[in-house]
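Have a look at the structure below, then the notes.
The structure displayed is predicted, hence computed values, not measured ones.
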Amino acid sequence: MPEELVRLSKRISELGIASRREADAWIEKGWVKVNGEIAVLGMKVRSSDRIQISSKAKAQQDKLVTVVLNKPIGYVSGQAEDGYEPAKVLVTAQNRWEKDDSPLRFHPSQLAHLVPAGRLDIDSVGLLVLTQDGRVAKSIIGENSEIEKEYIVRVTRFDGCEPKLTTQQLQLLNYGLSLDGKPLQRAKVTWLNEDELRFILKEGKKRQIRRMCEAVGLKVLRLKRVRVGNIVLGQLPLGQWRYIKPTEHF
């Protein structure tokens, strides 16, 4: 069978070079060549086709910023909804962590296309990644992402008893639960102390941890994300942010 052609921007994304949106923008500017010819928007390619990216595109990509924010309760991750502001409004010069030693200077233009790489519920706190770089977003929330997300979760029982679990219930949190009719990936769930659990997940379905806890009779009192891949929340104050360093990788 002949090889199926794919859209050029999709192929560029699959190669991890840029997001589809970035790739389409580069193609429109004439910054992409296929087999030595300037590409056109919407064209399709084979996996064997030679793709060349202009140094102008790479220079533009180097200017893209990624920040980590310690999100407080009361802010939504993405677009404003139900009267609540998006966490992005906290990314201001005044809210930059004073201990951030990145040489980058804040400029309002960095807010353009700055989007969350993964959601954090309005009633949850902790590490939220915001990025202009489609490669970063894909690595964290892409369909095949293997990046771990770590949470500290304070719980109680709905029946008012101490939040203890049977061995079987703890095993279910680790593997065996389903949400919306689909089995969840294997997780790592352990007790930190008598009322806090540590969750380590590689996926992020809507309100996943809260729903997992409900399935075994637990109510979440506080949920805090403390790590995404190799990036930890550390001492970053609540409501403040910092730039990701060139030496840091998720």
Determine whether Gln208 and Phe199 satisfy the following criterion, side-chain contact (heavy atoms from CB on, under 4.5 Å), listing intermediate values before the conclusion. CA-CA 11 Å; Gln208 178 173 336; Phe199 278 73; over 6 Å; no
Rounded to the nearest 0.5 Å, what separation is found between the [atom1] atom of [X] and the [atom2] atom of [Y]?
X      : Y      : atom1 : atom2 : answer
Arg11  : Arg46  : CZ    : CZ    : 12.5 Å
Ser77  : Lys71  : OG    : NZ    : 6.0 Å
Leu233 : Arg242 : CG    : CZ    : 9.0 Å
Arg154 : Cys213 : CZ    : SG    : 13.5 Å

Hydrophobic cluster identity match, [X] and [Y], side-chain contacts under 4.5 Å:
X      : Y      : answer
Met212 : Ile200 : no
Ile152 : Val155 : no
Ile147 : Ile231 : yes
Leu114 : Val76  : no
Leu223 : Leu179 : yes

Which atom of [X] lies closest to which atom of [Y], heavy atoms considered:
X      : Y      : result
Pro86  : Tyr75  : O-CD2, 3.9 Å
Glu203 : Gln185 : OE2-N, 2.7 Å
Ala117 : Ile141 : C-CG2, 3.6 Å
Asn70  : Pro237 : CB-O, 3.3 Å
Gly78  : Pro116 : CA-CG, 4.0 Å
Ala23  : Ala18  : N-CB, 4.4 Å

Check ion pair [X]-[Y] (N to O, under 4.0 angstrom):
X      : Y      : value
Glu214 : Lys219 : no
Glu196 : Lys224 : no
Asp101 : Lys245 : yes
Arg225 : Glu150 : no
Lys33  : Asp49  : no

Does the side-chain contact (heavy atoms from CB on, under 4.5 Å) test come out yes or no for Val232 and Val226, once each step is laid out? CA-CA 6 Å; Val232 297; Val226 296; over 6 Å; no
Would you check if the side chain of [X] reaches a backbone N or O of [Y] as a donor-acceptor pair within less than 3.5 Å?
X      : Y      : value
Asn95  : Gln240 : no
Glu22  : Ser19  : yes
Ser145 : Ser139 : yes

Which residue, Arg198, Lys188, Lys202, Arg186, forms the salt bridge (Lys or Arg N to Asp or Glu O under 4.0 Å) with Glu148? Lys188
Solution key, residues 118-135 side-chain donor-acceptor pairs under 3.5 Å, sequence neighbours excluded:
{"residue": "Asp123", "atom": "OD1", "partner": "Arg210", "partner atom": "NH2", "Å": "3.4"}
{"residue": "Asp123", "atom": "OD2", "partner": "Arg207", "partner atom": "NH2", "Å": "3.4"}
{"residue": "Ser124", "atom": "OG", "partner": "Arg210", "partner atom": "NH2", "Å": "2.9"}
{"residue": "Thr131", "atom": "OG1", "partner": "Thr66", "partner atom": "OG1", "Å": "2.7"}
{"residue": "Thr131", "atom": "OG1", "partner": "Asp133", "partner atom": "N", "Å": "2.9"}
{"residue": "Gln132", "atom": "OE1", "partner": "Val65", "partner atom": "N", "Å": "3.0"}
{"residue": "Gln132", "atom": "NE2", "partner": "Gln110", "partner atom": "O", "Å": "2.9"}
{"residue": "Gln132", "atom": "NE2", "partner": "Ala112", "partner atom": "O", "Å": "2.8"}
{"residue": "Asp133", "atom": "OD1", "partner": "Arg135", "partner atom": "N", "Å": "2.9"}
{"residue": "Asp133", "atom": "OD1", "partner": "Arg135", "partner atom": "NE", "Å": "3.0"}
{"residue": "Asp133", "atom": "OD2", "partner": "Arg135", "partner atom": "NE", "Å": "3.3"}
{"residue": "Asp133", "atom": "OD2", "partner": "Arg135", "partner atom": "NH2", "Å": "2.7"}
{"residue": "Arg135", "atom": "NH1", "partner": "Gln61", "partner atom": "OE1", "Å": "3.3"}

Arg7 versus Ser9, side-chain donor and acceptor atoms under 3.5 Å: yes
Under the criterion side-chain contact (heavy atoms from CB on, under 4.5 Å), I'd like the reasoning laid out for Thr156 against Leu218: C-alpha separation, chi angles, the key distance, then a yes or no. CA-CA 6 Å; Thr156 187; Leu218 295 179; over 6 Å; no
Where at least one partner belongs to residues 103-149, residue pairs that pass ring-ring contact (aromatic ring centres under 6.0 Å, His included), sequence neighbours excluded: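 Qualifying pairs: Phe106-Trp241.
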Who pairs with Arg50 by side-chain hydrogen bond (donor to acceptor under 3.5 Å, both in side chains), at least two apart in sequence or on another chain?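 Testing Arg50 for side-chain hydrogen bond (donor to acceptor under 3.5 Å, both in side chains), a comparison that skips the adjacent residues, returns Gln52.
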Residues in salt bridge (charged side-chain N to carboxylate O under 4.0 Å, His left out) contact with Glu85, at least two apart in sequence or another chain: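 Glu85: no salt bridge (charged side-chain N to carboxylate O under 4.0 Å, His left out) contacts found.
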Nonpolar side-chain network containing Met43, other nodes, edges under 4.5 Å: Val6, Leu8, Ile12, Leu15, Ile17, Trp26, Ile27, Trp31, Val32, Val34, Val40, Leu41, Val45, Ile51, Ile53
Report yes if the side chains of Trp97 and Gln235 come closer than 4.5 Å at any heavy-atom pair, otherwise no. yes
Under 3.5 Å, side-chain donor or acceptor atoms of residues 168-176 against the rest of the protein: list the pairs with distances, not counting sequence neighbours.
{"residue": "Gln169", "atom": "OE1", "partner": "Thr166", "partner atom": "N", "Å": "2.9"}
{"residue": "Gln169", "atom": "OE1", "partner": "Thr166", "partner atom": "OG1", "Å": "3.4"}
{"residue": "Gln169", "atom": "NE2", "partner": "Val216", "partner atom": "O", "Å": "3.4"}
{"residue": "Asn174", "atom": "OD1", "partner": "Val189", "partner atom": "N", "Å": "2.9"}
{"residue": "Asn174", "atom": "ND2", "partner": "Leu170", "partner atom": "O", "Å": "2.9"}
{"residue": "Asn174", "atom": "ND2", "partner": "Val189", "partner atom": "O", "Å": "3.2"}

